[in-house]
Amino acid sequence: MKNKLISLALAVIGIVVIAASLYVAISYLSYIGKVLIDFFSANNVQEMSACGVQIPEDFIEIRNQIPSTILPAVYLGIPVVLILISLLMFFSGYFFGKYKVETEIDAHLRREEEIEEAVKKRTEAKKGKAGGTSKHGDKSKKAKEEEEE
């Protein structure tokens, strides 16, 4: 049961990491997309600057974020997140498989014990029927028990 709980917890954490990563990526990329559309919809930035047109401040922020935020997120962040998700899902599957194997082994052992008990009951019932009909059979049982001791 412990392994099943660990498996479920790791799976939930993995799903949360995936959802959070998607949310951050979508929200940030939509922001970048809006800014880039704003910038590129105006034909040439240099010509606009020469004419006295103001360049959007968001573009300057993105230009400044490229070496400090965007490139590390792309080259380092995405692989680390993918490795983290892979590890979480691997351990989730590992513990779930371990839980499943343990429950199968427990069920198998219980079935064996039930079969052994059923066999003992049947053999005792047969011995009881055979032993109850003759006195000589009772003496032989006592003699066998004494020999076993």
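Note that the structure is predicted; figures quoted are calculated from it, not measured.
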(request) Could you tell me whether a side-chain N or O of S86 sits under 3.5 Å from a main-chain N or O of L82, the two making a donor and an acceptor? (result)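 Checking the backbone N and O of L82 against the side chain of S86, a donor-acceptor pair under 3.5 Å is found.
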(message) Please check this pair: side chain of S7 against backbone of S92, looking for a donor-acceptor N/O pair closer than 3.5 Å.
(response)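 Looks like yes, one N/O pair under 3.5 Å.
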Let me confirm one number: the [atom1]-[atom2] distance from [X] to [Y], rounded to the nearest 0.5 Å.
X    : Y    : atom1 : atom2 : result
I83  : I78  : CD1   : CD1   : 12.0 Å
Y99  : I6   : OH    : CD1   : 13.0 Å
K121 : K126 : NZ    : NZ    : 15.5 Å
K4   : F95  : NZ    : CZ    : 15.5 Å
E114 : E116 : CD    : CD    : 11.0 Å
K127 : K120 : NZ    : NZ    : 11.0 Å

Transitive ILVMFWY side-chain link [X] to [Y], under 4.5 Å:
X   : Y   : value
F90 : V81 : yes
F91 : I15 : yes
L5  : L88 : no
Y94 : I13 : yes
V80 : L10 : no

(message) Contact between R111 and D106 at the side-chain level, heavy atoms closer than 4.5 Å - yes or no?
(response)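 A side-chain contact under 4.5 Å is absent here.
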(request) Decide whether H108 and E112 meet the rule of one side-chain donor and one side-chain acceptor closer than 3.5 Å. (result)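 A donor-acceptor contact under 3.5 Å links the two side chains.
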